[in-house]
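These notes are about the structure you will find just below.
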Amino acid sequence: MTPEPLPPSWTQLLPDNPIRPAAKPPLEPLAAPEVNERASTFGELDPLTYEPSPALIRQSLGLA
Amino acid sequence: MTSSSSSSSSAAADAGQWIDADPSTLCSLGPRPLLMTGVLVNFLRNHFADPVRNAHQERFRKNLWTADVSASQIYIESITNWLPDSAHKRPALVVKRNAWQCGKWGLNDELMSTIDADGLARFEVPLFGSHTIFALAKTGGECEILANEVATLLIGFQGLLREKLSLNKFQFVEIGPVNRVARVQEVTYGAPITVSYAGVQEYILAPHAPLVSRIRLDVLLQP
């Protein structure tokens, strides 16, 4: 059984023009930044529940 | 607490939130949590009551604090009066007391001496605690500058505050990292500025009668 011929590659379809620049693959589109991406790099500060480290307080007073 | 903040005090008093600590009781009652909060709030308000002369940072020389909360260009309150959106777009300083703890200096906290002529028992308990001032602003950069303004102020006056408040120590501790502030609808950034301090509570126990009211020498001297 005779195999089917392979399709011609795209290079063979181009005209024979040495000046033509080589084709470049298209750039991957950049992912659009999310709206809150910058703000999300911060943690959260809740003044109602914030407590400094007891060890730090003792150290600052020379009690550690 | 302050005579200049009388207009805002009446509404706060109605809500049961007003700091009515009387600084004149400092000598008799010593440093107390509410008094320390009041002193720090007052201290910051005084600084921003004349920002042209007092503010170190150029950016805050126009942020005048006034007793009229709606007109004031900086919001300075204790955390018991603070509502998350009450500062609106203004920078804000919110003062919060942290834990107070009791230390130990000696057996039974008692000042023990061999001579106790008056029959009174004297005690001393070391107390230490901290307050945090939250610098809040609409941008991270403004928050950093405001936190630095407050830290510079506290470092400069920590020795004087220690002396005037009858404390053993008053110490600037740290500026914490800038973070997004929770519970506020508009995006707000905040940095915690913490001070620590240590003081002493002294007390005397006076018995109704001396343990040995009298020694009947006449019994001993009977022949």
Side-chain angles (χ1 to χ4, degrees), chain A, chain B residues 77-80 82-84 87 92-101 103-105 126-136 139-140 143 147 158 162 167-184 186-199:
Chain A
M1 189 176 171
T2 308
E4 288 187 14
L6 292 171
S9 70
W10 64 274
T11 54
Q12 291 174 309
L13 296 175
L14 290 173
D16 186 14
N17 186 351
I19 301 173
R20 188 184 181 92
K24 292 179 180 177
L27 293 172
E28 288 287 331
L30 293 173
E34 293 180 14
V35 175
N36 290 326
E37 186 179 29
R38 183 166 157 268
S40 67
T41 59
F42 288 93
E44 194 173 67
L45 171 68
D46 187 348
L48 295 183
T49 59
Y50 177 86
E51 277 278 343
S53 159
L56 182 64
I57 297 302
R58 294 181 70 90
Q59 186 185 13
S60 70
L61 295 171
L63 300 168
Chain B
E77 266 299 350
S78 71
I79 199 149
T80 51
W82 177 67
L83 294 172
L93 295 170
V94 180
V95 180
K96 174 178 178 278
R97 177 183 70 79
N98 304 314
W100 273 42
Q101 292 178 297
K104 197 112 184 122
W105 275 350
L127 296 171
F128 56 94
S130 65
H131 266 73
T132 296
I133 300 158
F134 297 96
L136 310 178
T139 66
C143 175
Q158 59 188 359
R162 186 208 65 76
L167 295 167
N168 295 86
K169 197 158 188 178
F170 186 96
Q171 182 77 44
F172 167 79
V173 180
E174 67 166 355
I175 302 177
V178 174
N179 278 314
R180 289 277 303 275
V181 180
R183 303 173 194 270
V184 181
E186 290 187 52
V187 175
T188 303
Y189 295 88
I193 305 141
T194 300
V195 292
S196 63
Y197 41 81

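All values below were derived from every heavy atom in this structure, side-chain atoms included, with hydrogens, water molecules and symmetry-related copies excluded. Being a predicted model, the structure only gives us computed values, none of them experimental.
Interface remark: A:L63 contributes side-chain atoms only to the contact with chain B (heavy atom separation under 4.5 Å). Residue contact with chain A, scored on non-hydrogen atoms closer than 4.5 Å, involves the backbone and the side chain of B:A99 alike. Looking at B:V94, there are no atoms closer than 4.5 Å to chain A (heavy atoms on both sides), in backbone or side chain. Looking at B:V184, there are no atoms closer than 4.5 Å to chain A (heavy atoms on both sides), in backbone or side chain. Interface residue B:Y197: only backbone heavy atoms are found under 4.5 Å from chain A.
Proximity of B:W82 to B:V95: side-chain heavy atoms (C-beta onward) are nowhere separated by under 4.5 Å. Between B:F128 and B:K169 the shortest side-chain heavy-atom distance does not fall below 4.5 Å. Between A:T49 and B:R183 there is a side-chain heavy-atom pair separated by less than 4.5 Å. Taking the side chain as every heavy atom from C-beta outward, A:L45 and B:Y189 never approach each other to under 4.5 Å. Between B:R162 and B:L167 the shortest side-chain heavy-atom distance falls below 4.5 Å.
By number of non-hydrogen pairs under 4.5 angstrom with chain A, the leading residue of B:L136, B:V181, B:N168, B:T188 is B:V181. In terms of heavy-atom pairs under 4.5 angstrom with chain B, the leader among A:L61, A:I57, A:D46 is A:L61.
With rounding to the nearest 0.5 Å, the separation of OH in A:Y50 from CZ in B:F134 is 6.5 Å.
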